Structure formats: structure tokens, C-alpha cells
Amino acid sequence: MINKIGIVGGGNIGGVLVSEIVSRRLARNIGLVDIAPPEFAKGKCLDIAEATPVYGRDINLEGSKTYEVLEGADFVINTAGVPRKAKPDGSFPSREELLATNLKITDFVAAGIKKYAPNAFVISIANPLDAIVYRLFKKLRCKPNRIMGMAGVLDSSRYKYFVAEEANVSVENVEAVVLGGHGDTMVPIRSACRIYGLPVDQFVNKTALAKIEKRTRAAGGEVVGLLGSGSAFVSPAISALEMVEAIAFDKRKIVPVAAHLKGEYGVKGLFLGVPVILGKNGIEEIVKIKLTPDEKKALRVSINAVKKTCAAVDKVR
Ligand code: APR
């Protein structure tokens, strides 16, 4: 069992994280910080704490408007930020449009983590994902194996779900991975998609696969449009906990995460969604995937999009 998990932001994703950690008995202590008035984080924690007798879990929940509740956390999960909301005309902002607002929040978050939990593993979920995790890393100056963004687990899960639905087989039979930035340029890797270990196109025709891949790239927006207020929150929370469990239980599980690259996939100094081995040291190893020429090309486009956003981040002091 983990001693303590700190969560920054107790909104939709943060709330699911807390209740799911309690339900899984994943940690003895949870510290939740959220600046929302009057005492939003306290309220969230009290609500869930009052259900612990029903859950049958003894767990210490502490919510606060200030960051000292992160003190001693082994993991910090960052969800602080403004989510995408549908505009009155039905369109919704891109993740990049959230950048300016969320960067200010991120600097505040980084200062809190640095002060109270400088040695924690940091998993960031706030959008625009690749840019926010890059900023956190710059501010925290922590070891690159201890900080990562959650996107690939969710994007791959969406891809798997759509493939399973189309093939009419169990989601458990589908293996799939999405690489690159967590934006419209993300790259579902068809050549690595398998159903029961067999090539996916044995079950799903190429036209349907192309549609699924397009839907995967836009899947976050699809949920935003349907919800009408805010963005997906259950699937991101569950995906982040897969990463926490892989590290806490030293699973050495291969999962796609936004990882700091030092030349792998032709990227240096930026965070990009790639498969990694997650174990007790966090990111133990970056895993290389052989890509088709088309996939390589698409990944290059995605890398350029991430580079552009990170260049915009660097301009904001
Ligand atoms: N410190 C702590 N919490 C903060 C801060 C801050 N500086 N700034 C904002 N928050 C809190 C808000 O008060 C809010 O309760 O972050 C919470 C965010 O919750 P929601 O608005 O419900 O957003 P959510 O759906 O949880 O998504 C959070 O993750 O997937 C991304 O795009 C999404 O960037 C968004 C983030």
C-alpha cells in the first residue's frame, strides 16, 4: 500500500481519483488541494470520508485550499486547470487554447509540489498535456524518470474500445497504442494493434479502421461536445491510476506515457507520448516501436505540434 497520494485539483477528475483510491485501498493517506472557495477540497474529502464506513476502508483524507496537505506524498497527481467547455455555438476550445490560463496555474502547482513533496512521483493530467508537464518539469527540476504526463493510457484505451466495439469482441482481447502529443495530431499505431495477438485488419476492415483512428484523435472533443460542460473525467482518472499502480507495485508494465525524451524518437528535451516501462523508479526505460513510413510521418507532424506548443511555453516567463 502507498503511504500517501497527493492530488492537486479536486474537481471532476480529482474527485474520481479520491473515491477510486479509497475504493481500491491504494493509499493510507490522501492529501487534496484545491483553491476553490469556500473550502471545496475539504468538502470533497468530507463527502468521501463519510462513505468510508460503507466502503469499509480506513483511510485518512485531508482537503485544503493550501498546499501543505501534499507534505510527504509519494505520488502527486496534477489535475489543476481549466477543462475544455463547449462554447454557446457548440464548438469547443482546443487544448492549446487552454495554455495561457493553465500555465499560470501550473507555476503555482509546481511551487507547491517543490515545497511539500519534492521527491514525489509526479503524474500530470492537466491540458494542454504535453506543454503542462514540460512546464512542471522546468519548474520542478526533478529527475526526468519521476515526472510524466497521463495521456497515452487514455488515448490507447479509447482506440481499444472503438476497435473492440467494431470487431464485436471483448475489450480485453484488444491491444493498441497511441503515440505522440495529446492533441489532434496523436498517432494511433495500426501496425501494433492486435486482437488476440492477431493483426487487427483480420477483424476490422481498413475503411472502418481509418474511421476509428479519426474518432480516436477527436475522442476527447466528442465527450466535451456530449457533456456540454467540462471534459472527460472518469477515464482520465482511471488511466492515471494505472500508472500509479505500475510504479507502486513495481510491475514493470509497458504503458504509453508522456515522457521526457533524450533523443529517442528523434526528440530531445521535450515530453512526448511513447511506450515506457513503469516500475519502482518511475520510467525505467523508453520502449522503441518499429513504425511504418506513414506512421513515422504522422509522428513527425505530432512532434512538430508539441514543439510549437512548448516553444510558446518557453516564451511565458
Ligand atoms: N491549485 C489547486 N487547484 C486548482 C488551482 C490551483 N492553482 N487552479 C484551479 N484548481 C482547481 C479548480 O478549482 C478545479 O476544482 O482545479 C480543479 C479542476 O477541476 P475541473 O474544473 O472539474 O476540471 P477537470 O475535469 O477535473 O479537468 C482538470 O485535466 O483533463 C484535463 O482538460 C482538463 O485541464 C483540465 C484538467
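Read the numbers this way: they start at 1 and go in the same order the structure lists the ligands and their atoms. Atoms considered below: every heavy atom in the structure, side chains included; atoms not considered: hydrogens, waters and symmetry mates. None of the values given here were measured: they were computed from a predicted structure.
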In ligand 1, which numbered atoms sit nearer than 4.0 Å to a non-hydrogen atom of Ala36? 13 (O)
What one should report as the nearest heavy-atom pair of Ala110 and Leu140 is O-CD2, 3.5 Å
Relative to the ring of Phe137, is the ring of His260 parallel (under 30°), tilted (30 to 60°) or perpendicular (over 60°)? tilted
Please state which option from Asn12, Val224, Asp34 has its nearest heavy atom closest to atom 15 (O) of ligand 1. Asp34
Looking only at protein heavy atoms, which one is nearest to atom 31 (C) of ligand 1, and what is the separation? Ile125 O, 3.5 Å
One residue to check: Asn102. Relative to ligand 1, which of side chain, backbone, both or neither has a non-hydrogen atom less than 4.0 Å away? side chain
Please report which non-hydrogen protein atom sits nearest to atom 28 (C) of ligand 1, along with the residue it belongs to and the distance in Å to one decimal place. Thr79 O, 3.0 Å
Please state which protein non-hydrogen atom is closest to atom 19 (O) of ligand 1 and give its distance, to 0.1 Å? Gly11 CA, 3.3 Å
Validation row: Ile77, Ile5 side chains within 4.5 angstrom (heavy atoms): yes
Distance to 0.1 Å, residue and atom name: give those for the protein heavy atom nearest to atom 1 (N) of ligand 1. Tyr67 OH, 2.7 Å
Between Glu71 and Lys4, the two heavy atoms sitting closest are O-NZ, 2.9 Å
If we number the atoms of ligand 1 from 1 as shown, the ones under 4.0 Å from a heavy atom of Phe40 are 15 (O)
Heavy-atom proximity to atom 34 (O) of ligand 1, picking from Asn127, Leu32, Ile35, Asp107, points to Asn127
May I ask you to identify the nearest protein heavy atom to atom 18 (C) of ligand 1, giving residue, atom name and distance to one decimal place in Å? Gly81 O, 3.4 Å
Any side-chain heavy-atom pair from Leu61 and Leu32 closer than 4.5 angstrom? no
Could you tell me whether the side chains of Asn102 and Asn127 share a donor-acceptor contact shorter than 3.5 Å? no
Output yes when the distance from some N or O of ligand 1 to some N or O of Ile13 is under 3.5 Å, and no in every other case. yes
Atom 21 (O) of ligand 1: which protein heavy atom is closest, and how many Å away? Pro83 CD, 3.3 Å
Does Phe75 have its ring centroid less than 6.0 Å away from the ring centroid of Phe121? yes
Taking atom 9 (C) of ligand 1 as the point of reference, which of Val16, Ile105, Val33 owns the nearest heavy atom? Ile105
Close approach, Val82 and ligand 1, non-hydrogen under 4.0 angstrom: yes
As a quick check of understanding, evaluate side chain to side chain donor-acceptor pair (under 3.5 Å) for Asn145 and Asn281, giving each step before the final call. CA-CA 7 Å; Asn145 56 310; Asn281 299 306; 5.5 Å; no
